[in-house]
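As structure tokens, the structure follows; a few thoughts come after it.
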Amino acid sequence: MRKRLIVSAASALSLFLAVPASASDFQPGAAGAGDSYYPTYGNGGYRVSHYDIRLKYQPATDELEGTTTILATATQDLSRFNLDFALNVSEVRVNGRPAAFTTSGEQELEVTPARPLAKGSQATVVVRYKGVPSTVKKYGFTAWLRTPDGAVAAGEPESAWWWFPSNDHPSDKATFDVSVLVPDGNQVISNGTLTGTSSQAGWTRYSWRETKPQATYLATIAVGKFDVTTDTTPSGLPVYNAYSKDLGDNADAARASVERTGELVDWLSGYFGDYPFSSVGGYVPNVPTGFALETQTRVFYSPRQFARGANTSVVVHELAHQWYGDSVSLSRWSDIWLNEGFARYSQFLWSEHENEGTAQELADYVYASHPAGDPFWTVKPGDPGPDDQFSGAVYDRGAVAVQALRNAVGDEKFFRILKGWPTERRYGNATIPEFQAYAEKVSGTDLGDLFRTWLFTAAKPATGPVPAAAAASAAASLAPGAGTADGQLPAEPKSWKKIQETNSLHDAGH
Ligand SMILES: [Zn+2]
């Protein structure tokens, strides 16, 4: 009995200590995650572990109603915190109690809980909302794309604001449950695994689940009428693909590309290691946009990607992101090369595999086809700036940088890095300096000059991505990669046009 009392007293004491001396010890969380490219994106003061997104959507009117439950942990003593969101909110609760809320800026939802949140404490945040997302413009656009029979949310970096409140920055990844009620006859596509459907009174609920950490911009949703194909890859991974029923002339080329997903993801795992997720696939809604996006486990493709026939190269690109971008995610948007340089390089590897031009030939071609005065070389792939984040140079020069790395360390070490990095950093976040340190550790080579030259210098490198042996050769002018003089353009590799057709990839429409 005595002992029991002591324990109680100790508990009471620790409880007492958790209460602040005064409310002024608790500060508001930052309105941004500290990203230099997008200062207001994401927020400070907490981290999210899970989003439960429960929606009702009427395709005829584009009316969306939702309740999102967020599981968060305070990382400081919080008097208030922000979410990023664009629709009208009717109620917010924090740990069951009604919370005060207001909006500020373009997409900030400021939440003041009834009781402040102590550092390290868990919070369950419930947000109720509704709106017509296609009519809600932020920074002049909406990432909610209407289709003839429904809608799609896909965009980078912005897409979450129009369908769920979030800490919208890739540095804070979480698991997701997405459950959507739609009128019977419509379907819902999202990330991960379809765990069930149920129908009642003319409405059908689709429930999707992604159990691995996912960045908010990689969450996607589509409502419409789709032809669905399901299968397993040769290695046993479930595949779920969906095609709008009204793709017209692009329907067959879309299928001839996206139905290769299982084969291509298995092929890529030979380079990148085991596929990190428990489902894979793609969907092609009837949107008027031109881009594709590596939405986690379920790639978004615009039909225009297939307007000139099948394109397996774009499928390879988006699937490569499942390792480089989705499983290993950016800590800050300025490091976009870690995503796009490697996704574009995977297209070079696919070209090599298909005997349509080696990666070296493609790198030489990129190098030679942009003369020194070309603005192409003013973009630094390692820090392109927000306006050039998705410019062609980030992809093409970025992939040449990867080839330069390959030449500097040799094939054996290069392929060890290519596979080891997404394995070691699986489900996490990373920066370019961390990648460089990893590549230096594996190769035993100082790569400072190479990274500076190819990623962080706003000028054309003096020599192309020359293999080390060739660089040492006196006959450098005959070596691969040495065709550097302007006007000596090597023959266009056979794969080049298909690779370039994927270049509207991340044009998010704004
Ligand atoms: Zn990409």
Side-chain angles (χ1 to χ4, degrees), residues 30-44 82-86 104-108 136-145 153-162 166-173 215-219 289-295 300 317 321 324-326 328-344 370 374-399 401 429-435 451-452 454-459 502-510:
D35 195 288
S36 64
Y37 284 19
Y38 306 101
T40 66
Y41 292 15
N43 304 288
N82 282 21
L83 293 164
D84 301 298
F85 197 45
S104 64
E106 287 284 291
Q107 82 288 351
E108 300 296 324
V136 178
K137 302 279 174 69
K138 294 296 170 185
Y139 300 99
F141 71 95
T142 174
W144 185 265
L145 311 168
E156 181 184 15
E158 310 89 353
S159 69
W161 308 344
W162 290 269
S166 73
N167 189 23
D168 194 22
H169 194 269
S171 58
D172 191 8
K173 304 202 287 187
T216 46
Y217 81 95
L218 297 172
T289 54
F291 68 102
L293 185 64
E294 63 270 23
T295 37
F300 162 87
H317 178 109
H321 276 309
Y324 281 86
D326 294 11
V328 185
S329 301
L330 301 179
S331 298
R332 54 189 189 199
W333 282 109
S334 58
D335 288 330
I336 190 69
W337 172 76
L338 285 174
N339 292 5
E340 302 305 346
F342 289 86
R344 174 55 48 89
H370 297 282
D374 192 325
F376 177 88
W377 297 109
T378 65
V379 176
K380 297 178 285 183
D383 186 9
D387 292 343
D388 281 321
Q389 194 184 354
F390 300 110
S391 83
V394 171
Y395 295 74
D396 288 340
R397 182 178 172 179
N429 291 86
T431 64
I432 291 175
E434 288 167 351
F435 176 81
F451 274 70
R452 255 190 307 283
W454 285 99
L455 297 182
F456 296 102
T457 302
T502 66
N503 268 359
S504 57
L505 288 183
H506 297 297
D507 168 17
H510 63 94

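Here, residue 1 is the first one in the sequence, and each next residue gets the next number.
- Listed for the Asp168 side chain is no donor-acceptor partner under 3.5 Å among the backbone atoms of Asp84.
- With contacts defined as side-chain heavy-atom distances shorter than 4.5 Å, the pair Asn503/Arg344 qualifies.
- Listed for the Thr295 side chain is a donor-acceptor partner under 3.5 Å among the backbone atoms of Phe300.
- Once rounded to the nearest 0.5 Å, the distance linking CD of Gln389 with CG of Asp335 reads 10.0 Å.
- Once rounded to the nearest 0.5 Å, the distance linking NE2 of His169 with CG of Asp35 reads 3.5 Å.
- Not one N or O on the side chain of Ser331 forms a donor-acceptor pair closer than 3.5 Å with the backbone of Ser171.
- Side-chain atoms of Thr142 come within 3.5 Å of backbone atoms of Trp144 as a donor-acceptor pair (strictly under, hydrogens ignored).
- Ring planes of Trp162 and Phe141: tilted class, angle from 30 to 60°.
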**OP:** Begin from the C-alpha positions of Phe342 and Phe435 and carry the test ring-ring contact (aromatic ring centres under 6.0 Å, His included) through to its verdict.
**Re:** CA-CA 12 Å; Phe342 289 86; Phe435 176 81; 5.2 Å; yes
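- Aromatic ring centres of Tyr139 and Tyr38 lie farther apart than the 6.0 Å criterion allows.
- Under the 3.5 Å distance criterion, the side-chain polar atoms of Glu108 are left unmatched by any main-chain donor or acceptor of Asn43.
- The main-chain N or O of Gly398 is found under 3.5 Å from a side-chain atom of Trp337 such that the two form a donor-acceptor pair.
- Between the side chain of Asn429 and the main chain of Pro170, a donor-acceptor pair closer than 3.5 Å is present.
- Not one N or O on the side chain of Arg397 forms a donor-acceptor pair closer than 3.5 Å with the backbone of Lys380.
- Taking each heavy atom of Ala393 and Pro381 in turn, the nearest pair found is O-CG, 4.1 Å.
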